4 protein chains.
Amino acid sequence: MISFENDYAEGAHPKILQRLMETNLVQQVGYGNDEYCASAKEKIRAACQCPDADIFFISGGTQSNSLVIRAMLQPFQGVVSVTTGHINGHEAGAIEYTGHKVMPLPHHDGKMAAADLEGMMKTFYGDPSHPHMVFPGMVYISHPTEYGTLYTKDELKALSRVCRKYDLPLFLDGARLGYGLMSHDTDVSLTDIAAYCDVFYIGGTKVGALCGEAVVFPRHNAPRHFFTMVKQHGALLAKGRLLGVQFDTLFTDDLYFDISRHAIDLAEKMKKGFQERGYQFFLHSPTNQQFIVMEDEELKQLDAHVRYSFWEKIDDTHTCVRFATSWATREEDVDTLLSLLKKPV
Amino acid sequence: MISFENDYAEGAHPKILQRLMETNLVQQVGYGNDEYCASAKEKIRAACQCPDADIFFISGGTQSNSLVIRAMLQPFQGVVSVTTGHINGHEAGAIEYTGHKVMPLPHHDGKMAAADLEGMMKTFYGDPSHPHMVFPGMVYISHPTEYGTLYTKDELKALSRVCRKYDLPLFLDGARLGYGLMSHDTDVSLTDIAAYCDVFYIGGTKVGALCGEAVVFPRHNAPRHFFTMVKQHGALLAKGRLLGVQFDTLFTDDLYFDISRHAIDLAEKMKKGFQERGYQFFLHSPTNQQFIVMEDEELKQLDAHVRYSFWEKIDDTHTCVRFATSWATREEDVDTLLSLLKKPV
Amino acid sequence: MISFENDYAEGAHPKILQRLMETNLVQQVGYGNDEYCASAKEKIRAACQCPDADIFFISGGTQSNSLVIRAMLQPFQGVVSVTTGHINGHEAGAIEYTGHKVMPLPHHDGKMAAADLEGMMKTFYGDPSHPHMVFPGMVYISHPTEYGTLYTKDELKALSRVCRKYDLPLFLDGARLGYGLMSHDTDVSLTDIAAYCDVFYIGGTKVGALCGEAVVFPRHNAPRHFFTMVKQHGALLAKGRLLGVQFDTLFTDDLYFDISRHAIDLAEKMKKGFQERGYQFFLHSPTNQQFIVMEDEELKQLDAHVRYSFWEKIDDTHTCVRFATSWATREEDVDTLLSLLKKPV
Amino acid sequence: MISFENDYAEGAHPKILQRLMETNLVQQVGYGNDEYCASAKEKIRAACQCPDADIFFISGGTQSNSLVIRAMLQPFQGVVSVTTGHINGHEAGAIEYTGHKVMPLPHHDGKMAAADLEGMMKTFYGDPSHPHMVFPGMVYISHPTEYGTLYTKDELKALSRVCRKYDLPLFLDGARLGYGLMSHDTDVSLTDIAAYCDVFYIGGTKVGALCGEAVVFPRHNAPRHFFTMVKQHGALLAKGRLLGVQFDTLFTDDLYFDISRHAIDLAEKMKKGFQERGYQFFLHSPTNQQFIVMEDEELKQLDAHVRYSFWEKIDDTHTCVRFATSWATREEDVDTLLSLLKKPV
C-alpha cells in the first residue's frame, strides 16, 4: 500500500533527526530561549530579508492561526476569510473559541479577491448600523490555498493595498509555503510575502518537520507580550529546542526549498500522468496537491493499492479526490500510481 | 416629524407604567424571586399551555440569544442560522464571544428550509473529516424573521422533525412574537411554538415593554443552573420585579395580543396604501414591518416629515427602506404617511 | 414584615416613575442615542466636573464590571481585587468568563492597601519567570466596599499613585456610590473619584433607580468602540431612554445626593440604636449597611417581623447579619426594628 | 557549566530518538490514529490496569490542563486548586482563558487537604447566596506537587472520598509523575492513581520525552468528542506519531520507570550531600527537586559553575533555590556540584 493521502504521512527529513541526535544531550534553557531557536531565527530573518522580524515557533497550524488572530484582533473585530479557508471549516471552531467571528467572503479557486474585500469594507462602513456589527479587523489567506492554488504577485499586492487602506493586518497561513514557493508556476517569493503581509508562517509540519510552524512578524511588529499569550494558549513547549533544531536544519543550505522542489517535481509528473490519461481535473493546482474527479468504480479498485483523500462527491458515480506529494514521496510510488490508472490516451 | 423607524421608539404601554407605580413601594426579594415574576410566569405557562415550563426574564434580545445558545451548546458545537439571522449579522459577534460558531444556511425570505438543514446534517456526518469541524449543535430561527416573514405551521413542523432526528434543540427568537401571532396571515399559535420548539422567547421590548424578553423552556428543560449563568452573563437584574411587573401586565387580559393586533391592523392599512399607490414591495411581509423599494428622490422629500429605516441599496436610484408599526402607532400617523406618498393609481 | 435585607427591595424613586410617564410617548431613536441620555450625560459630566467624560448607561453592576474590565485589559492581563471584592466572589465567574483572572490581594475591612498593591507589583516584576504568569493589568476597588467601608482621600490618592506608576487603570465600582458620598464620615467627593480613577460607575440600581449604572470614563478615555462591545455583551438596551430618563432625573436638583443622604441618616440612627443596646458590630461601617453579630436565638425571634441578610456564621450560637437602609427606608420601620431589639443598656 | 536548573534541559532519552529514526519513513495516518499511538495506549492501559481507559497524547502540560479542565467543567463551575497549584500561578491565565475560575485553597507543602476541600464545599452549599457564585466543579492536584512533595495513599483516598461525595471529578497533573512513583518515600502506585482519580496525565516532557503528556481517563470516561476539543484548542498534531512513538518507547520494558528511578537516586545523593553539609532545606522533598535556602554570597560564587532555579527570596541575604535532577542527570555532575559546596560538617 502506498499513500498519497496527505503530506504528513512520514516522520521528519532524516537530516532533522540526525541533528536532533547530535544536539540531544547539550543542556539548554527552556521555552524557546535555547541557542538552536536563536540560530534558526537568524536564518529565517536572512531568508526573508527581514533583519528585524519577530519570530515564534509554534507546534502546529491551528494553534498558530488561533494565536495570531486572537493576538491581533480587538474584541469588537473579526477576521475575514474566504469560505473555504482552513479557519472557517476545518479547525473545529478554534477561531470562534477565541471569541472572534470568521467573516466569510466567496472564494475563487480557494483565493480571496481584492475587489471582494474592498466591497465588504465599503458595504460595512456604508451601513449606518455597522456599530451593531462585527468590525472586519484583519484578513486571513493561505498560500497555497486549500485547493493548492497560488496568489500571483499582483493579486497579493492588490490584497495588501486594500488591507493597508482599511488598516487590516494581512495574515498568510503558509502551512504548505515551501510547496508554493517552489511551484513551477509562481512569481511570488518569500521576500514578497514578507513585504506584503503583516504576519505569516512558514509551515514545517507538512514540509519535512515532525511538527512546527515559524510565525514571522516581519517588521518587529509582534503584539505585545506574544510570548505570554503563547503560554496562555498552552502552546509553549518546555523543550523549545525541538522546534529550534528543526527549523535551524530546514533553513541550513536551503534544505526547506530543496525538499519542497522535490515534492513539486513529483506532483508535476503525477499531474502530467493524469493529463495524459485524460482524467478530469477539479481545478488547476500548481502545487503538491492534485484534485481529480474520478469514477467511483475506478476508485474502488484503486483502494486496494493506494491511499488518497476524499474531497467531495461530484455526482452519484463520481468523486473528487486528492493526491498529495511531499518531501518524502518516492518517484517509484508515483510510477506505481500511474501504472494503476487507465492507459494514456 | 413622525417615526416608523422601528417598533421601539416609545416607552411602555401605559398599563405597564401604571402597574409599576402601583407596586412601586411594595418590598420584594430580589433577583427575580419576587411575586410579580411568579405571577407572570404562571400566566405565560397558561398562555403556552405548558404547565411545567421553566421561564426566565432577560433584559434584551441579544442577551437572551447569547445566554440560551451558550447554555445549550457543548464546547464542540455551533448554532445553525440562516445568513440573515439576527445572531449572524447584527449582534456584534455576541455568539462568537461565547466561543461558538454561527453556522450559516441560505435564507428564503429570511426563513430556514427544513431541506437545507437536513442537507447540512447529511453532508456533515457524511464527511469523514467531520471530527475536525464544528458540530451543528442547535438551530436558531426567528418568527417573525428579520424580513417580517412567518413560518407556516407545516414549515415549523418540518424543521422540528429534522431537529429531533439529529438531536438539535430548536430555538425560536420571538423578539417580535406578538406581531407574528396576530398576523392576519398565519396558522401558527403560541401553543404550536411551545410544541415544536425546545426553547423560545416572547419579546417584550418591541411589544409594549420598556425592556425584557421571557425565555421559555416549555418542558421543564432549562439547562442546569441557568440562573447562575444569567448572573455570570451580567444579565441578572437585582430588581427582577421590573421585568415581572411588565410581563404580568402584558399577560393579563390578553394585553400582549391586543396591542400586537393593533400594530398588525395598522401595518395592513399601511401596506394596502402602498399597494394602491403602486409601490414595489421588497418582499411580502404579513407582520408589522413593511419593506418598500423607493426612489431616492422621493425618500429625500419624505425625510423632512417621516423617519424610517434604511435596509439596503437596490441600485443607483432606488433604496429598500423599512416602515414599522407597533403597539404605539397612531392611525393618524399612518394616514399622514400615506398622504405624503404618491397618489393611488 | 419589614425589610432591611438590602437596598433594592422597592422599585424606583417616585420622581423617576413620574418622569417615565411624562416622556413615555415621545418618539426617540434607540440604543442610547435619545435626548434623555444626552441630557443625563451632561448633568453627570457637570457633577463630576469632567466636561470630556465618556459616559455609558449599563443595566447592572455585574455587567458593568465585566464590560469595563474586558474592555480595558489586554489578553495577557488580569484584574487586581481584594479577596472580598464583588467580582471575586459574588458574580458567578463573570470576570473569568471574559477570559481574565481576578488576582487577589488581602483586604483590610474590605479595602485594598496601596502598599499591598505595590508589593504585588514588585514581586511580579522581580520574578524572572513573570512572563509565564498573568500580568496585573488594572485595579478594581469598590467604594463603599462590600463591608460598607470607605476609602479616605489619602488612601485613594495612594492607590492612584501606585496605579499610575505601574500603568494600571484604576476602576471604582460605585454600585452604592451615593451612600458613600453622603456618609457623615468621608472626605471623598465625586470630583475626587473622577480625578483619581480612570473609570468608575455611579450606581443607580441600589440608589433609587429601577436599574442602571452610569459608567464614566472621566477623561474621554473610553476604550475604542466600547459601544460595540456593549452590544456584544448583550447589554445594549433598544430603549436606552429607560436608563437616560432615570439618570436624568437622579441628577436633576441633586436628587441622587438627597435620597442617598436620607439612607445614611437612617443608617446612623439604626447604628446608634444598636450601639446603645450594646450589640457587637462586625466592623465599623459609615454607610448604609450595618453588620451586627447577633445571637442565633434572638435572630430566630426577629425572623417573624424583619428581613435582613445572612453574612456569615461567627460561631455555634452567633451569626453576623446585615441590615441595610436605602433611599426608600421609612423612619418608622427603623423605629420598629429598634423596638424589637434588646433594651438600651 | 552544569545545569540543575530543571528537568527539561536535554532532549529525549536516546531510545526514543532511536525509535523515531527506525519508524521515520513508515507511512501512517495522521492525527493520532497511527499504529504507534495505538500500541502506546495499550501499554499504558496495561501499566494502569485500566483496560477501558481513554487516552489522548497532548504536547504539553499547560495544554493538557486547560483542555481537561474546560472539557470537564460546566459553564457555571470552577476548578479547585491550592494556591501554589501550577494552574493558579504559572500558566499565564490559561484556565481563566477557558472561561473558568481557579478557586484557591491553602496549601500544605504544596498539597491540598481533604478537610479543607470538604470545608469549602460545606461553606459553599451552606451559603444561601451560592447560586450567585462559581460552583466548585472539579479538583486539580499535582503529584509530585510544585514543591516536589507527594500525597500518601491515605491522603489521596481522603481527597477522592470528598470528591465523590460532592460529585467533583479529581484531576491529577502528573507532569513529573515518574519521579513521584519512583520516590523512595511513597506508597502510591500508578494503579492507585488510576483508581482514585477521574483523569490524570503521565508526564513525558519532564521524564525523557521531547514533548508530550498522556492524558488518561481511566474508566472510559472521556468527555464526549474530546478529540474535537483537542483540535479546537490547536493541540492536535498532524503527526500524532511523534507522541505515539515516544510513549510507546517509554512504556516498553519499563523505560519510564527506570529512567525516573535514576533521577530519584541522584536526587537522594544530592540531598544527602546538602544534609551532610548542614544546608537548610526549604521543605522536605522526596522527589527530583530539592529546595535549599542558601546565602546569596555563596550563590554568587556558584553562578560561575552551576545553573539552578530561583524559587523565592527568603530575606535580605538568603534565597531559596531549586536543584533538579532528571533522567539525563550524570552522577559526575552531582559530584561536581557537591564539591563546589561547603565542606561536610
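Below, read A as the first sequence line, B as the second, and so on, with proteins coming before strands; counting in each chain starts at 1. The model shown is predicted, which means the values in this text are computed figures rather than measured ones.
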Centres of the D:Y147 and D:H107 rings: under 6.0 Å? yes

Residue pairs, two or more places apart or on separate chains, that pass side-chain hydrogen bond (donor to acceptor under 3.5 Å, both in side chains) and touch residues 74-85 of chain C: none

With chain D, which of C:G93, C:A94, C:P128 has the greatest number of heavy-atom pairs at distances under 4.5 Å? C:P128

Return yes if a side-chain donor-acceptor contact under 3.5 Å exists between C:N6 and C:K206, otherwise no. no

Pair D:F135 and D:H130, ring centroids less than 6.0 Å apart: yes

Under 4.5 Å, heavy atom to heavy atom, which residues of residues 297-320 of chain C contact chain D? C:F310

Residues passing the side chain to side chain donor-acceptor pair (under 3.5 Å) test with C:Y201, sequence neighbours excluded, are C:N65, C:D173

Set of residues satisfying salt bridge (charged side-chain N to carboxylate O under 4.0 Å, His left out) with respect to D:E118, sequence neighbours excluded: D:R161, D:K165

Side chain, backbone, both or neither of C:H132 within contact of chain D (heavy atoms, under 4.5 Å): both

Do any N or O atoms from the side chain of C:T149 and from the backbone of C:T145 form a donor-acceptor pair under 3.5 angstrom? no

